[in-house]
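In the text below, chain A, chain B and the rest are named by the order of the sequence lines, each starting its count at 1.
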Number of protein chains: 4
Amino acid sequence: MAAGDGTWREYDAVELPRVLQGALEAFAEQGYHGASIRELAARAGLSVPGLYHHHASKQDILRALLDAVLTDLLRRCTDALASTGDHPAERFDALVECLLRFHMFRTEHAFVATSELRSLTPANREHVVGLRDALQHLLDDVVEEGAADGTFTTPYPKAASRGVATLCLGVASWYRPDGPLSPDELVRRHLTLARGIVNGRD
Amino acid sequence: MAAGDGTWREYDAVELPRVLQGALEAFAEQGYHGASIRELAARAGLSVPGLYHHHASKQDILRALLDAVLTDLLRRCTDALASTGDHPAERFDALVECLLRFHMFRTEHAFVATSELRSLTPANREHVVGLRDALQHLLDDVVEEGAADGTFTTPYPKAASRGVATLCLGVASWYRPDGPLSPDELVRRHLTLARGIVNGRD
Amino acid sequence: MAAGDGTWREYDAVELPRVLQGALEAFAEQGYHGASIRELAARAGLSVPGLYHHHASKQDILRALLDAVLTDLLRRCTDALASTGDHPAERFDALVECLLRFHMFRTEHAFVATSELRSLTPANREHVVGLRDALQHLLDDVVEEGAADGTFTTPYPKAASRGVATLCLGVASWYRPDGPLSPDELVRRHLTLARGIVNGRD
Amino acid sequence: MAAGDGTWREYDAVELPRVLQGALEAFAEQGYHGASIRELAARAGLSVPGLYHHHASKQDILRALLDAVLTDLLRRCTDALASTGDHPAERFDALVECLLRFHMFRTEHAFVATSELRSLTPANREHVVGLRDALQHLLDDVVEEGAADGTFTTPYPKAASRGVATLCLGVASWYRPDGPLSPDELVRRHLTLARGIVNGRD
DNA sequence: GATGAATGAGTTTTCATTCAT
DNA sequence: CATGAATGAAAACTCATTCAT
């Protein structure tokens, strides 16, 4: 994938393998423990042993799913940063837009990625949390850079960065594709809110 | 409860009945479907039939828990509003502080109240979602009022209100009591961020 | 109860203590194992410990019920025999009429008395089966007597006696109080059928 | 199955699938509610989930059992009628013999089929009662035909038909294979009793 | 990869029964 | 007698997983 090619804005209908896509929906609706292997198999259009042909266990399906989700988001974020200029304001806007779009068009991914972290084995959780932390660091770096060179006025860059992330993730909890505002308009407005966070003063 | 008595700032160690307190911890760690009735009973210090003496079903425990959590939060918020002056800025600050404190000192409550909404029966969910909506309306009203009289400059009061709520709820996902900053300092800083959201400009 | 006083034809609405009456209905509808102590208590208008005040156990309720049912039937049959003349034909008619009426007006009693024999403790079953055998003996004696003196022509008095009993008990399995024929007419017709059984020839 | 092939007189040791055979014995001894799924599984030589692989629920086992029992009896009865001549006396004898043999060699089937009707779901009960009614109709038709053409003298064909059925079913409640009389002799004698029922006079 | 059969360990829930008040 | 709280044992049923074909 070439840097800056802009594919980080594209969200096609299906991007996950059938097994993971079905698992995603099942986990979103009923949670990891509430979804049975039989249901995952049915949603994937496979038999139960067929499902075990692809994954060694139910836990492995969750691990593969969260890994795919976070890897995709991370890839989009680095692409977004690579597709823009050097100035902190530009980089901030690109990153925030990327996060907003993902949490608008992948609400289930986002919900499962946070609500089912606890259902991962410690070893698996460690890996996934690492990906999530890497994401947060991308934003932290941009905000700190901007705060350092005076682009952003906030006296609390760390808290602001976390607040911006929270704002973006929170979109997933209320966004509906049939809402009154277009995605582009929503992105624009929330970019304004995000800029407000990094430009507050005591 | 007298208006403005300030109890909305107090967070004692235990406020829930033993059964619900145990259920809260279990649901937070393992999710509704991942926590067994046996475990809920053990955490409550009861035998399994003893637990059924108090609640008709596992679902009833979840319903009672979410009801207690949201009713408590709602009570604190109305108390907070009753304890301050009439100006939108004051009311905004009181409400945001109340939400921040709750999501700092009751992180598990907050997590379970959102992650296990899906595990409620439709009828039960309707009731709990009603409480949640009432909360959001409290904030919406204050922000709209302040936007109308020029206290806040945001051109998007509805989005800003939702953004502030998201910011406050999001605190629950990262706050740790042993962090470097005191709760009061954290409240102060995030109040700044929240004011930034309602005071942004296009 | 004076001999021959004719009370064996009378069937009032309630004759059993409240506990046993409720148990009778519950056992008829759901069987001994299908009816819970809580349901028996509710039907009796008692609390659960209140029910245990009257009976030591669920098994004891079944025992008391079957004892009451069979004792009542046995009393009615001996009354019927005491209220008529000496001739085998008269005695046969009285006994058959008595059995028919009981199985018409006490269908639930009859059903439970046979279907729940198996649910009795061996010791209790022995007692109740003794009562049932005593009943069959009353009929056996009358039929044998009539066969011996030529009143009945059947070559198989034992089989015939059992067949008559079966005919009478079977009434309980289809009789409905709102059927087209009056109880008296049904008694008359089945008396005719019973006489046919003891008057058959090879 | 060819008409009149006489297989309706044959009773081999086992005719039911293992699961239903075990369920039959358990239900006969302890009733539907008194027999546990664990016991049904043990009697079938299966584990509990193994049993659920074949039947969806305990209720489904009861339904399948009663269906198999009544279908078998109905098949035997129609075979018996097909294997004899046209005269009502012949047809009556064949049907009564068939009913007698079934209730002698399949006492448990007969007992469970009547005592556990109440344990069926309404929908399932409707189906099974339909089969039972079809059986009674076979006998009703033969008796009415014989009463119409003067073969039988009874003035109450409907009551007589029901009485004959009761007599045959009742055999199941006392027949023991180790009794003093051979099955053939018992059939002969009870055929005599049955003929007495349809040939009584007022 | 599908099918069908199987299972140990677990699930939620109910049972009969007891006891203090 | 009622109330309320409690419990060991067992109920019906489902789970994730395996294996032979």
Side-chain angles (χ1 to χ4, degrees), chain A residues 18-19 23 30 32-42 44-62 119, chain B residues 18-19 30 32-42 44-62 119, chain C residues 18-19 23 30 32-42 44-62 119, chain D residues 18-19 26 30-42 44-62 119:
Chain A
R18 262 168 50 225
V19 171
Q30 301 151 262
Y32 177 73
H33 291 289
S36 75
I37 277 277
R38 284 193 143 72
E39 176 160 3
L40 300 189
L46 292 175
S47 67
V48 169
L51 188 108
Y52 276 95
H53 184 81
H54 295 280
H55 292 274
S57 66
K58 190 183 176 185
Q59 169 71 205
D60 183 61
I61 293 176
L62 178 61
S119 302
Chain B
R18 261 168 52 227
V19 171
Q30 302 152 263
Y32 177 74
H33 291 289
S36 75
I37 279 278
R38 272 183 161 77
E39 178 160 1
L40 300 190
L46 291 175
S47 67
V48 169
L51 193 150
Y52 274 94
H53 186 78
H54 297 282
H55 292 275
S57 65
K58 191 183 176 184
Q59 170 72 203
D60 183 61
I61 293 176
L62 179 60
S119 303
Chain C
R18 261 167 52 223
V19 171
Q30 302 153 262
Y32 177 75
H33 291 288
S36 75
I37 278 277
R38 283 194 146 73
E39 176 161 4
L40 300 190
L46 291 176
S47 67
V48 169
L51 190 130
Y52 276 95
H53 183 81
H54 296 281
H55 293 274
S57 66
K58 190 183 177 188
Q59 170 72 206
D60 184 61
I61 294 176
L62 179 61
S119 303
Chain D
R18 260 165 57 223
V19 171
Q30 301 152 262
Y32 177 73
H33 290 289
S36 75
I37 279 279
R38 273 185 159 75
E39 178 161 3
L40 300 190
L46 292 174
S47 66
V48 168
L51 193 150
Y52 275 95
H53 185 77
H54 297 282
H55 292 274
S57 65
K58 192 183 177 186
Q59 170 73 205
D60 184 61
I61 294 177
L62 179 60
S119 302

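Between C/R18 atom CZ and F/dC1 atom C1' there is a gap of 11 Å when expressed in whole angstrom units. Computed from coordinates, the A/D60 CG to F/dT17 C1' distance equals 14 Å when rounded to whole Å. To the nearest angstrom, P of F/dT14 lies 15 Å from CD of A/Q30. In this structure, NE2 of D/H33 is placed 14 Å from P of E/dT14, rounded to the nearest angstrom. Atom CD1 of A/I37 and atom C1' of E/dA2 are 16 Å apart (whole Å). For A/R38 and F/dT17, the CZ to C1' distance is 10 Å, given to the nearest whole Å.
The shortest side-chain heavy-atom distance between C/L46 and C/H53 does not fall under the 4.5 Å cut-off.
Contact record, C/V19 with C/L51: CG1-CD1, 4.4 Å, taken as the closest heavy-atom pair. Scanning both residues, D/A35 and D/A26, for their nearest heavy atoms gives CB-CB, 3.9 Å.
The stretch residues 45-55 of chain B touches DNA chain E through B/V48, B/P49, B/Y52, each having a heavy atom within less than 4.0 Å of the strand.
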Stepwise, does the side-chain contact (heavy atoms from CB on, under 4.5 Å) test hold for B/Y32 with A/H33?
CA-CA 8 Å; B/Y32 177 74; A/H33 291 289; over 6 Å; no

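If you check F/dC13, E/dT12, F/dT17 against the side chain of D/K58, the one that comes closest is F/dC13.
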Toss me the dot-bracket line for DNA chain E: Watson-Crick and G-U wobble, both under 3.5 Å, 5' to 3', using | for pairs to another strand and [ ] for crossers.
.||||||||||||||||||||

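One P atom belongs to F/dT21, the other to E/dG1, and the distance between them is 22 Å to the nearest Å.
Using a 4.0 Å heavy-atom criterion, one finds that B/A35 contacts the sugar-phosphate atoms exclusively.
Atom NE2 of A/H55 sits about 10.0 Å away from atom CG of A/L40, to the nearest 0.5 Å.
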